[in-house]
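Here's the structure we're looking at; comments come further down.
The first residue in the sequence is number 1, and the count goes up from there. Order of appearance sets the numbers: ligands from 1, and atoms from 1 within every ligand. Both backbone and side-chain heavy atoms feed into the values below; hydrogens, waters and symmetry mates do not.
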Amino acid sequence: MTHDAAVLKAQEIASRVLASSAGQNDKAGRFSTEAVESLGESGLLALMLPVDVGGSGLGPRTMAAVIAMLAEADASVAMVYLMHTLGAATMAAARPGAAQTVSPILREIGTGRHLSTLAFSEAGSRSHFWAPVSRAHRNGNGVRISAKKSWVTSAGHAHSYVVSALAPEGKGPTDSTLYLLPAKTRGLSVAGPWDGMGLRANASSPITLDDCEVPSDFQLTDDGAGFPAMLNVVLPLFNLGTAAVALGICRAAVAGTVSHLKGARFEHLGQSLGESLPTLRAQLAAMQIDTDGLSARIDDLINHLEKPSETTMLRVLETKAAAGDVAISVTSAAMRICGGAAFSKHLNVERLFRDAHAGAVMAPTGDVLREFIGKALLGMPLF
Ligand SMILES: Cc1cc2nc3c(=O)[nH]c(=O)nc-3n(C[C@H](O)[C@H](O)[C@H](O)COP(=O)(O)OP(=O)(O)OC[C@H]3O[C@@H](n4cnc5c(N)ncnc54)[C@H](O)[C@@H]3O)c2cc1C
């Protein structure tokens, strides 16, 4: 699959499967199994995996374009897709000792029949996902893990979970290890419903691990090497992907606002809203400027990821922080411009406004990113 073919497939799924059901799924808080099926059939679930396991071997540029396209129709599905892509990338980067377990799962993803996700955040350390409070305990060659994972996208729908826990002999708070837990692992259960303000259709419920037995070939990183995997494998793609979700939301907000400004009329003046009010046109223009600015920022990050330099990590941090703010600002403007019609939920703008707020609270949160950037500029240690 080429970059263009992948984006076309995403566009086709967005218009055929996502667009018509996003509103209903949001209202009902319903996870779209048909969206995941379509993504699997199209080959998009294996977008970044190596060709020898059935993947397309494509990079962050295509991932971001696919995610933005999906998010324009349904941000919940785009986030499900992003978390899966991160799970798959972590498995693809696993230590050689996990090959016996990981290879067949990667091939299953290659055939589009396996959805994965990340279970990092814990009730105990909240948004500080780099410091799990759960600890793996030795159990023969493997380990046993008990943990309270506070939010897990696709909980109850994923076939596997990439889980963090402190390494058995880990000394410091970031000495974690990553493990792969199949959904059917004894002791793994969804611990509650998901009734979020936004991204309501992505099943981000808590999960509980109750003395789960994890054999050694399900250990994805070396002991204590979970933290570098989080920073090097997950963080750049997660930050890029959440920025792409934000971009899709902003594009949909601009389109929804344009449509309302053209369609809604002051009959007594014989004009549409857009024709009648320069103030609304100016606010719409600001939305467009911010959306294109975010797009340029995402392109800049992709260029950095393709050709890393000493400023790449700074761009990784900046892009997610900026994207969260832009998505909230652009969708807030859309709410204001579309007025009572948006407030009364006659338009999709209200769903976009709610969905836009997730990016900034997903870890690393916007506040944490700004804290890291400030510390980095002052030459202070981040952790
Ligand atoms: C829709 C959704 C899907 C999610 N999916 C997943 C998933 O698939 N996997 C997963 O592992 N997690 C997931 N999460 C969890 C997410 O990544 C965060 O861990 C979670 O949202 C943190 O919420 P909290 O209230 O516990 O944050 P808290 O840590 O309690 O933060 C509260 C406030 O304090 C601020 N804050 C915290 N630390 C600092 C600091 N050092 N400096 C400055 N400000 C700070 C935060 O920005 C926030 O405003 C998801 C969350 C959501 C909302």
Thinking salt bridges, do Asp325 and Arg370 make one under a 4.0 Å N-O criterion? yes
For the ring pair (Phe, Tyr, Trp, His ring centres under 6.0 Å) test, which of Phe120, Phe227, Phe372 pairs with Trp130?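 Result for ring pair (Phe, Tyr, Trp, His ring centres under 6.0 Å) with Trp130: Phe372.
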Decide whether the shortest distance between a heavy atom of Arg370 and an atom of ligand 1 is less than 4.0 Å. no
Applying a strict 4.0 Å limit to heavy atoms, is Trp194 in contact with ligand 1?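 Checking ligand 1 against Trp194, which is what was asked, there is a heavy-atom contact under 4.0 Å.
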Considering only protein heavy atoms, which is closest to [atom], and at what distance to one decimal place?
atom	result
atom 41 (N) of ligand 1	His128 NE2, 3.7 Å
atom 23 (O) of ligand 1	Trp151 CZ3, 3.5 Å
atom 45 (C) of ligand 1	Val368 CG2, 3.9 Å
atom 9 (N) of ligand 1	Leu118 O, 2.9 Å
atom 22 (C) of ligand 1	Ser127 CB, 3.5 Å
atom 12 (N) of ligand 1	Ser121 OG, 2.8 Å

Check step by step if side-chain hydrogen bond (donor to acceptor under 3.5 Å, both in side chains) holds for Thr33 and His157. CA-CA 8 Å; Thr33 46; His157 298 274; over 6 Å; no
Val361 heavy atoms, cut-off 4.0 Å: which ligand 1 atoms fall inside? 18 (C), 20 (C), 21 (O), 22 (C), 53 (C)
Under 4.0 Å from any heavy atom of Val152, which atoms of ligand 1 are there? 7 (C), 8 (O)
Considering Ala363, Gly366, Ser205 one by one, which has a heavy atom nearer to atom 16 (C) of ligand 1 than any of the others? Ala363
For atom 43 (C) of ligand 1, which of the options Val80, Ile207, Asp367 provides the nearest non-hydrogen atom? Asp367
For Ser38 and Lys9, does a side-chain donor sit closer than 3.5 Å to a side-chain acceptor?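 Side chains of Ser38 and Lys9: no pair found under 3.5 Å.
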Could an N or O of ligand 1 be found under 3.5 Å from any N or O of Phe120, whether backbone or side chain?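 Yes, there is a polar N/O contact under 3.5 Å.
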Does the N or O separation between Thr153 and ligand 1 drop below 3.5 Å for any pair? yes
Check Met83 against ligand 1 and report side chain, backbone, both or neither, counting heavy atoms closer than 4.0 Å. side chain
Would you say Thr319 and Asn239 make side-chain contact, with heavy atoms under 4.5 Å? no
Considering non-hydrogen atoms only, spot the tightest contact between Gly87 and Ser116 and give its length. CA-OG, 4.2 Å
